[in-house]
Number of protein chains: 2
Amino acid sequence: MFDKIRRDDFLKSHLDIHEIFSLKLQNNLCDGAKKHLHRGLIMRLMMMEESIFSLDEEIGKSEEPLDHYLATRLTLLLNAYYLNLAGSLDNLAWALTYQYSLVEEVDENNGKHRTFVQLLSTNFLDQLRKSKLEQLDKELQPFRDWYWDMRQFRDPAAHRIPLLVSHSVYSEEDVKKAQELDEAAAQLIRQDEWRDGMNLLHQSYQLEKHIPIFISENPKIQCYDLAGRVNLDHANWLRIVEVVLRIGFSG
Amino acid sequence: MFDKIRRDDFLKSHLDIHEIFSLKLQNNLCDGAKKHLHRGLIMRLMMMEESIFSLDEEIGKSEEPLDHYLATRLTLLLNAYYLNLAGSLDNLAWALTYQYSLVEEVDENNGKHRTFVQLLSTNFLDQLRKSKLEQLDKELQPFRDWYWDMRQFRDPAAHRIPLLVSHSVYSEEDVKKAQELDEAAAQLIRQDEWRDGMNLLHQSYQLEKHIPIFISENPKIQCYDLAGRVNLDHANWLRIVEVVLRIGFSG
């Protein structure tokens, strides 16, 4: 019922990207483009791979609640995944900006340039067309809605309530059962029937289950099938990287 | 000669923060402040602890180059550390904004509110004074220079060239030696003296060493003693958290 992360497909696609970097990148890349492709895009690809593989290894293996430290580590890896996903699209935009002089005298600390350099924004795509990259604009257009939807994970990860891989959740039918058990336990403990109370609490904890989801609060709380959502986002990311490298930077 | 991460001191301070949360947070926190303290600040504290502990465990143990996958993992953890550090200061600023109505009808998706809500910015500190939080402003002022310096790690981590924990570096005196060996090796391989060439290449690789630094490129390339820098930044972060919780949110 829950997806599995398509890690083998993704690994194959990552090897394809590494192959483009060793064999097919055009020779006349400027320094700024090289920097953002090699030390930006590729470095982030490797970090995203680390996130994906670790999440795949730990998520959804059993219904036992996750250890709290493990849940924290997976939360960290998931937030890092979305930051690197968004950041690597920024790297592609900077690389194009340098290579095709999309602004005059590119300056990464200039606020206006930083606002402009956003791969799927209207202004950036307009400028691609004006700079004779019509085909790139055309192939990127279909990803715009997805991009702005994905950003709902990037911004909380960076400055608001981070995405959460919870160590456990209660299923809908178990929430009430757990509340009843907790209340009965509290009652017993107040009456100094400590052992019976702890027994009920233990029964309540047994209802907690790990399910392979993450929680986003932006500010509405929503749950996502973790593997399903990563599969969607990573597949789109791979298609965008392929398009930009093929049209923008391949020899 | 290189620092060690002060993990035990930090762990003790983290326990102090958890204690404030269980025992001393004031009772009349509004929902927005609760959210940003519990699911923002505390969640990020736990992620930062995971970064710090894993970095401490793996960094500077030997001079052998790191395995490439391990170097990628540590790079991910270091970038996540700085994003959570900056993000948790944003959480404190949102919590104050909600609790003291620093803007009218707080809206986390409003661009103006998002620009305003930055704990160490001039406008935010001005507003604290106007809202009778003069003491908080006074105790935060000394951290302003540090904050803007630390931001040089946050922004590259988010959208430009990420901070790098390199698997190995050459010491200054070994760079030339390695180049000479590589050139001699290439010469031998061109002459079909494959085995002797590979021997020289192997000698060149032996000069690579792991040293516990990270590299920041923003856009100038600079190296930092990893533990020394994390010690500085984490100690300042802890002082800021302590000040904001004590003056802003303690009962």
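Everything numeric here is computed off the predicted structure, so don't read it as measured data. Here is how names work: the chains are called A, B, and so on, in the same order as the sequence lines, proteins then strands, and each is numbered from 1.
- Residues of residues 6-16 of chain B lying within less than 4.5 angstrom of chain A, judged on heavy atoms, are absent.
- In this structure, the side chain of A/Arg73 does not engage the main chain of B/Glu50 through any donor-acceptor pair within 3.5 Å.
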Practice task
Quick one: do B/Asn79 and A/Leu83 satisfy side-chain contact (heavy atoms from CB on, under 4.5 Å)? Show the steps, please.
Solution key: CA-CA 10 Å; B/Asn79 283 287; A/Leu83 285 160; over 6 Å; no
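- Contacts of A/Met43 with chain B are made by side-chain atoms alone, with heavy-atom separations under 4.5 Å and no backbone atom involved.
- At least one side-chain heavy atom of A/Leu76 sits less than 4.5 Å from a side-chain heavy atom of B/Leu77.
- Crowding of A/Gln26 atom CD: a count of heavy atoms from other residues, nucleotides or ligands under 6.0 Å exceeding 12.
- Listed here is the closest heavy atom pair of A/Pro162 and B/Gly40: CD-CA, 4.1 Å.
- No more than 12 heavy atoms of other residues, nucleotides or ligands sit less than 6.0 Å from atom CG of B/Asp145.
- Interface remark: of the candidates A/Ile161, A/Asn84, A/Thr72, A/Asp90, A/Ile161 forms the most heavy-atom pairs closer than 4.5 Å to chain B.
- Top candidate by heavy-atom pairs under 4.5 Å with chain B, chosen from A/Lys35, A/His36, A/Arg44, is A/Arg44.
- Here the straight-line distance linking atom CE of A/Met46 with atom OG1 of B/Thr75 works out to 8.0 Å at 0.5 Å rounding.
- Residue-environment remark: NE2 (A/His18) exceeds the threshold of 12 foreign heavy atoms within 6.0 Å.
- By number of non-hydrogen pairs under 4.5 angstrom with chain A, the leading residue of B/Leu41, B/Asn218, B/Asn109, B/Val117 is B/Asn109.
- In this structure, the separation between CD1 on B/Ile221 and CZ on A/Arg39 is 5.0 Å, given to the nearest 0.5 Å.
- When each of A/Arg160, A/Arg114, A/Glu217 is scored by its heavy-atom pairs under 4.5 Å with chain B, the top score falls to A/Arg160.
- The part of A/Leu164 that comes within reach of chain B is its side chain, from C-beta onward, which places non-hydrogen atoms under 4.5 angstrom from that chain.
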